[in-house]
Amino acid sequence: MSRSDMDTSRLSIVTRRRELAPGLVTLRFRHPKVARETMAGQFVNVLPKAGFLDPMLRRPFSVYWTEGDEAEIIVQAHGRGTSILAATQEGDLLDVLGPLGRPWKYDSGDFETAVLLIGGVGVASMPLLTRALELEEKPIQTIYGARSKSLFALEGLRNLHLATDDGSEGYHGSNVSLLRTYLEEGRLLSPKLFVCGPTGMMRAAQTLAAEFGIPCEISLETEMACGIGICQGCPVVTDEKTFLATGKRFRLVCMEGPSFSAEEIIL
Amino acid sequence: MSRSDMDTSRLSIVTRRRELAPGLVTLRFRHPKVARETMAGQFVNVLPKAGFLDPMLRRPFSVYWTEGDEAEIIVQAHGRGTSILAATQEGDLLDVLGPLGRPWKYDSGDFETAVLLIGGVGVASMPLLTRALELEEKPIQTIYGARSKSLFALEGLRNLHLATDDGSEGYHGSNVSLLRTYLEEGRLLSPKLFVCGPTGMMRAAQTLAAEFGIPCEISLETEMACGIGICQGCPVVTDEKTFLATGKRFRLVCMEGPSFSAEEIIL
Amino acid sequence: MTQTQNGQRFPDMKVRLRDVEFKTPVLVASGTFGYGAEARNYCDIEQLGGIVTKSVSWKPRVGNHPHRIVETAGGMLNSIGLANVGVHTFVKEKLPYLAQFDTKIIANIAASSMEEYRDVLEHIEAHSVENLAGYEINISCPNVKDGGLSFGTSVERTEELTALLRQSTDRLLIIKLTPNVTSVAPFAEAAERAGADAISLINTLVGMSIDIRAREPRLSTVTGGLSGPAVKPVALAKVYEARKACSIPIIGIGGIVTAEDAIEFLIVGATMVQVGTANFVYPDAGVRIAEGMERFLHSEGIANVGELIHSLRVRAELRALGW
Amino acid sequence: MTQTQNGQRFPDMKVRLRDVEFKTPVLVASGTFGYGAEARNYCDIEQLGGIVTKSVSWKPRVGNHPHRIVETAGGMLNSIGLANVGVHTFVKEKLPYLAQFDTKIIANIAASSMEEYRDVLEHIEAHSVENLAGYEINISCPNVKDGGLSFGTSVERTEELTALLRQSTDRLLIIKLTPNVTSVAPFAEAAERAGADAISLINTLVGMSIDIRAREPRLSTVTGGLSGPAVKPVALAKVYEARKACSIPIIGIGGIVTAEDAIEFLIVGATMVQVGTANFVYPDAGVRIAEGMERFLHSEGIANVGELIHSLRVRAELRALGW
Ligand SMILES: Cc1cc2nc3c(=O)[nH]c(=O)nc-3n(C[C@H](O)[C@H](O)[C@H](O)COP(=O)(O)OP(=O)(O)OC[C@H]3O[C@@H](n4cnc5c(N)ncnc54)[C@H](O)[C@@H]3O)c2cc1C
Ligand SMILES: Cc1cc2nc3c(=O)[nH]c(=O)nc-3n(C[C@H](O)[C@H](O)[C@H](O)COP(=O)(O)OP(=O)(O)OC[C@H]3O[C@@H](n4cnc5c(N)ncnc54)[C@H](O)[C@@H]3O)c2cc1C
Ligand SMILES: Cc1cc2nc3c(=O)[nH]c(=O)nc-3n(C[C@H](O)[C@H](O)[C@H](O)COP(=O)(O)O)c2cc1C
Ligand SMILES: Cc1cc2nc3c(=O)[nH]c(=O)nc-3n(C[C@H](O)[C@H](O)[C@H](O)COP(=O)(O)O)c2cc1C
Ligand code: FES
Ligand code: FES
């Protein structure tokens with residue numbers, strides 16, 4: 001493979017920064033490769049501060065939006081790395097590796113209605129998924145839960161059903177229990193769940209999908225050192241059936257994920 | 001000692017940043033204690049990025065100027081710490097410990113003319129020294145060398161004799177050889193040298209002072225971990241006479257310096 | 001932060017080593033806080049659990065030539081060389097000065113022979129002050145050829161030395177262990193067998209740094225001792241190993257900068273901690289860390305810091321595997 | 001950067017281990033570059049001095065349960081558990097794939113018994129490819145109970161194993177040593193006596209990290225292996241110690257991220273280096289570092305990288321003291 005085919009240009013300039021809520025920002029940057037090649041559900045691995053060792057490792061972020069030669073991520077300031085990134089200014093340079101991982105399986109024939117079940121910053125991969133589903137002409141229902149009204153990032157989503165823990169907007173309670181009522185009332189025509197959010201919520205969705213026997217895909221967040229399959233640091237445990245079938249005890253989230261079919265993994 | 005007597009307030013806001021030359025900036029910050037107590041030649045120990053570990057240690061800087069409740073340092077971007085500091089913006093917070101060390105001995109009766117011999121960023125402590133000498137009504141001659149014209153920081157200095165390595169300003173050559181000609185021509189009335197600059201230059205000054213038998217004080221830069229005498233990491237070697245007289249093989253630059261009489265130390 | 005409930009500090013931050021009570025579990029480490037005088041302007045010393053003084057030897061030591069320190073990734077190398085005033089000046093000037101503070105003092109001793117260790121300890125014992133809680137025996141200094149590391153890397157000599165010193169004091173006897181050994185467990189056992197009241201670890205890791213243009217070592221002694229956050233994971237693993245090997249209290253040391261760092265050591269099995277390198281950046285680190293621990297106890301609804309000690313949960317199947 | 005003078009690369013970056021020539025002194029370390037396929041999109045593999053493959057054992061290993069990695073100050077802890085495809089898949093799939101690249105391959109082997117080490121090596125030997133330069137024997141994995149560390153901490157078993165494997169191959173035999181020993185010198189001597197062509201060090205330092213709210217270890221195996229810039233000073237000191245103990249070539253490993261880091265190891269006495277953790281942040285680190293070294297040689301006017309090797313200047317009085 002010659003040098004030219006290789007992805008060596010990682011530095012990209014931040015062209016737009018928006019603060020959606022305190023500690024919740026979007027960063028748009030110029031990166032033709034990521035902008036043009038990313039499919040819904042893939043992620044990038046971003047270095048918080050190039051050349052410095054605190055923190056040392058990159059941080060993975062789902063691609064939130066792409067347009068022309070620009071891509072966007074949404075960052076929730078959380079620990080050392082994300083707080084540095086959230087403070088990035090327009091004009092700064094980011095060291096971005098990607099696109100990485102596999103896309104959502106939104107073109108599988110096994111469903112009529114795409115149900116996007118979102119918890120908090122799990123929204124990150126959903127605008128691109130929405131765009132892809134619309135190209136597939138699939139009906140979409142989006143059930144989106146957050147701690148409070150101010151924490152929603154609603155751009156690029158469709159047919160919203162909101163839920164907040166504090167009742168400041170929409171349904172007062174968890175998005176999963178909202179989904180349960182919809183399913184019980186049979187309001188969703190042969191649905192498939194696309195789930196991303198806190199682990200607890202994803203477990204609940206996993207159970208719900210099993211209970212109603214509907215297809216369900218879950219996008220995981222695990223620690224990652226490399227994001228490209230060379231450190232083996234990001235395994236998820238497979239369920240017994242999958243293990244017996246495939247002989248695989250683990251799957252690497254960065255290479256075989258980040259999204260997996262709910263029944264093949266143990267959260 | 002009760003809490004109130006203690007210097008616990010270290011955080012100070014940067015009120016002014018000026019870029020004198022590429023990589024050479026002054027930072028002014030609010031720090032009543034440093035601003036009001038600092039005497040010419042003392043320094044502060046500044047944390048490049050509070051809360052982060054790269055770099056981990058503080059960096060020492062001579063106090064460049066003080067006014068009311070504000071103090072100023074001049075930073076030459078050099079390694080990891082100083083480049084972070086040089087990028088500090090107005091409104092940012094700095095963690096500043098000081099004032100530290102001992103002042104220049106400008107009130108010693110052993111001279112008529114104060115000769116400030118400066119190399120590069122060694123200028124840092126000279127404006128305050130100039131101010132102090134003027135209060136003592138001592139005549140001042142300032143012999144200031146730099147690599148090139150653009151690298152001079154001339155504010156607060158008096159009776160300047162400039163020298164540049166590239167001849168872009170003043171005397172074409174080293175400030176030490178310029179000083180030598182002055183001494184040979186006997187143009188300086190019972191002088192005392194106040195020297196700060198690169199080690200090589202300070203050695204040359206040390207020799208010159210010995211040769212002409214004139215008092216000479218040199219301000220040193222050594223690695224420092226703490227700046228307050230608890231790590232013992234900043235020793236300078238004393239010369240044999242001083243060693244026999246005092247029994248001290250080393251002096252701590254942060255506590256007993258940073259400036260020393262030229263004949264008592266080995267550079 | 002600190003509220004009083006019927007005169008009791010809540011949460012209760014006091015810990016004990018044998019019969020000695022400390023205000024907080026946080027000590028400042030030997031060689032990183034001088035003798036108190038230097039840092040007092042920046043740190044409220046009486047808020048510290050105690051001060052471990054710079055290693056003192058029989059004769060004064062001037063220390064190593066420059067350069068003595070190098071900053072490294074997440075840490076630093078030092079080669080101070082046990083620079084100290086010698087035990088006579090120590091008892092004449094330093095100890096009386098430290099006596100004024102309402103906090104515990106632990107005298108750290110370094111020597112090159114059994115006899116020197118004993119003589120220094122007995123000299124201090126003979127001139128002791130009321131708040132002198134005991135002794136920390138440095139058998140682990142990597143930076144001087146005769147700094148006791150010959151003791152620190154021999155289980156037998158560690159046991160002999162501990163037994164000898166035990167005869168000379170009823171105060172706390174703490175043996176400070178080096179991490180530069182294949183396994184720290186036998187040293188912890190030896191110290192316990194010989195009657196030590198506690199062990200403290202880790203001292204610094206042997207490390208090195210090169211000036212590539214001069215092609216010379218950055219430290220005058222070629223190698224030096226690595227400390228700071230970089231070594232914390234190693235220190236925790238050593239404390240964990242020692243905790244399984246002995247039942248006397250452990251004082252955890254290594255890379256502690258935050259309250260969270262200190263709490264990690266307590267959970268693994270340390271009764272107290274020492275803060276070293278962090279003092280160089282934050283001279284009041286020992287106080288700030290204790291305050292942070294108190295806040296943590298509050299937020300977690302824990303009444304007594306003792307509840308954290310050795311509270312690590314290791315899954316059963318792993319314990320079965322011998323972890 | 002690279003200019004050609006009568007077809008010669010200048011400065012000359014080539015180094016040799018015995019009769020094997022490497023394009024540059026920079027290898028990628030075992031377990032940090034997969035089997036080449038994963039990183040090829042991000043790194044021009046043929047610009048590397050060579051690839052040391054992930055440790056391979058006789059049977060496939062699935063590796064340890066999550067969590068397997070924790071970021072620490074200036075480094076990281078890992079507990080991958082030698083996850084690997086097993087030697088049969090290795091020779092069927094991985095080795096033929098690696099054969100396509102114009103660079104050297106070194107197969108790293110981990111096992112739990114002398115026989116397993118030998119069987120794996122002989123199986124690879126029987127299916128070897130043209131660019132297979134030799135073997136690196138991992139007797140130093142801290143993360144699996146049967147990962148060979150029992151060999152790595154016993155001088156006798158290190159010597160026995162080396163001698164045994166020496167009989168099975170004429171290719172390069174490199175013994176990878178652990179830093180988790182009191183002194184690495186006897187292991188270096190043992191490897192040399194038993195006929196190893198080179199030694200490589202360091203593997204990871206045993207370390208630990210705690211989730212203070214859950215009060216659980218962050219790694220599923222409780223302790224793990226520390227790597228990254230945090231360990232560089234320790235690695236340099238170990239290479240320095242080994243350099244004085246043996247005369248076979250040394251491959252320096254530990255915390256190398258920049259060309260300057262790599263040059264430190266060469267000056268101390270390493271003939272080559274391996275880059276590990278840095279690959280996770282910069283998948284092309286091994287290439288970038290070699291390019292940086294070349295620039296350094298240029299600016300210092302050094303024609304051949306070999307001139308750097310073991311060029312450390314230690315002041316005479318210190319050498320006299322035995323440093
Ligand atoms: C595939 C994927 C996509 C993601 N997409 C987004 C996104 O779009 N927006 C967003 O805000 N966050 C996203 N995250 C989570 C984000 O990467 C973590 O918040 C971040 O790694 C934590 O780093 P920190 O600096 O905030 O925390 P630190 O405390 O500094 O992290 C310490 C260590 O723990 C690891 N870690 C801690 N929490 C997480 C976590 N939740 N997931 C993975 N690693 C973790 C970090 O990698 C680091 O090694 C994603 C994670 C993954 C794996
Ligand atoms: C008393 C005193 C006063 C000083 N005043 C000034 C000033 O007014 N303006 C200014 O620009 N610089 C000043 N310096 C030098 C400045 O502190 C160093 O440039 C800085 O410490 C080097 O840090 P770095 O991050 O640039 O380099 P790095 O390469 O990051 O430093 C690495 C390590 O080496 C040490 N180090 C490297 N070079 C020096 C040096 N020249 N002096 C001391 N330590 C060094 C650092 O402390 C650090 O521990 C002063 C130094 C001292 C001791
Ligand atoms: C500059 C310096 C000097 C030290 N001097 C001593 C000493 O005299 N005696 C001793 O037992 N330990 C000494 N130590 C080791 C510390 O007490 C402590 O064990 C080690 O630094 C690890 O803790 P830390 O990472 O918090 O610094 C010294 C450490 C440093 C950094
Ligand atoms: C995630 C990870 C996996 C590793 N796997 C192996 C391995 O399989 N075999 C081995 O000999 N060393 C292994 N190592 C050790 C490295 O090869 C290297 O010796 C060590 O990480 C120090 O180098 P570094 O600081 O550059 O990473 C591994 C290291 C890491 C971080
Ligand atoms: S993050 Fe390294 S293999 Fe997945
Ligand atoms: S810098 Fe710590 S004693 Fe001088």
Side-chain angles (χ1 to χ4, degrees), chain C residues 70 72-77 142 145 153 178-183 205-217 220-224 226 228-241 255 257 260 263-268 296 300 308 311-315 318 321-323, chain D residues 70 72-77 145 153 178-183 205-217 220-224 226 228-241 255 257 260 263-268 296 300 308 311-315 318-319 321-323:
Chain C
V70 180
T72 66
M76 66 181 278
L77 287 165
K145 278 279 149 207
T153 54
T178 176
N180 301 300
V181 292
T182 308
S183 168
L205 282 162
V206 175
M208 187 174 188
S209 176
I210 308 300
D211 177 335
I212 64 173
R213 284 182 177 74
R215 300 201 200 173
E216 285 174 355
S220 66
T221 51
V222 184
T223 59
L226 183 65
V231 308
K232 190 185 70 170
V234 174
L236 284 165
K238 295 287 184 184
V239 168
Y240 181 67
E241 187 194 354
V257 177
E260 289 69 22
I263 291 165
E264 284 189 82
F265 280 87
L266 264 57
I267 291 174
V268 168
F296 176 84
E300 299 281 304
L308 289 176
S311 62
L312 184 69
R313 305 194 186 100
V314 174
R315 297 207 314 287
L318 287 168
L321 282 169
W323 289 96
Chain D
V70 181
T72 65
M76 66 181 278
L77 286 165
K145 278 275 145 210
T153 55
T178 177
N180 301 296
V181 291
T182 307
S183 167
L205 282 163
V206 175
M208 187 174 187
S209 177
I210 308 299
D211 176 335
I212 64 173
R213 286 183 175 74
R215 299 201 200 171
E216 285 174 356
S220 66
T221 51
V222 185
T223 58
L226 183 65
V231 309
K232 189 185 73 171
V234 174
L236 283 166
K238 295 287 184 184
V239 168
Y240 181 67
E241 187 193 353
V257 178
E260 289 70 22
I263 291 164
E264 284 189 80
F265 279 88
L266 264 56
I267 290 173
V268 168
F296 176 84
E300 299 282 303
L308 288 176
S311 60
L312 184 69
R313 305 193 186 99
V314 173
R315 296 206 315 283
L318 288 167
R319 236 193 257 90
L321 281 169
W323 288 98

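Remember, it's a predicted structure, so these values are computed and weren't measured experimentally. Chain identifiers are assigned alphabetically (A, B, ...) following the order of the sequence lines, protein sequences preceding nucleic acid strands; residue numbering begins at 1 within each chain. The basis for the numbers below is simple: all heavy atoms, side chains too, and nothing from hydrogens, waters or symmetry mates.
- The structure places CD1 of C/Ile267 at 6.0 Å from CZ of D/Arg215, a figure rounded to the nearest 0.5 Å.
- Of the residues considered (C/Ile212, C/Asp211, C/Val181), C/Ile212 shows the highest number of contacts with chain D, using heavy-atom pairs under 4.5 Å.
- D/Pro217 meets the side-chain contact (heavy atoms from CB on, under 4.5 Å) test with C/Leu312, C/Val314, D/Val222; sequence neighbours excluded.
- Most heavy-atom pairs under 4.5 Å with chain C, from the set D/Ala235, D/Gly228, D/Gly255, D/Ala214: that is D/Ala214.
- At a 4.5 Å heavy-atom cutoff, the contact between D/Ser209 and chain C is made by backbone and side-chain atoms alike.
- A pairwise comparison of heavy atoms in D/Pro229 and C/Ala73 identifies CB-CB, 3.6 Å as the closest pair.
- Looking at every heavy atom in both residues, C/Arg213 comes nearest to D/Glu300 through NE-OE2, 3.7 Å.
- Applying the side-chain contact (heavy atoms from CB on, under 4.5 Å) criterion to D/Glu241, with sequence neighbours excluded, gives D/Ser183, D/Val184, D/Ala185, D/Lys238.
- For the atom pair CG of C/Leu226 and CG of D/Leu236, the computed distance is 11.0 Å after rounding to the nearest 0.5 Å.
- Put simply, of C/Gly74, C/Ser311, C/Gly75, C/Pro233, the one with the most heavy-atom pairs under 4.5 Å next to chain D is C/Pro233.
- For chain C, the nearby part of D/Phe296 is the side chain; its heavy atoms alone come within less than 4.5 Å.
- Interface remark: of the candidates C/Val231, C/Ile263, C/Thr182, C/Thr182 forms the most heavy-atom pairs closer than 4.5 Å to chain D.
- Within the 4.5 angstrom heavy-atom criterion, only side-chain atoms of C/Val268, from C-beta onward, approach chain D.
- Note: D/Ile210 leads D/Leu308, D/Val257, D/Ile210, D/Val239 in heavy-atom pairs under 4.5 Å with chain C.
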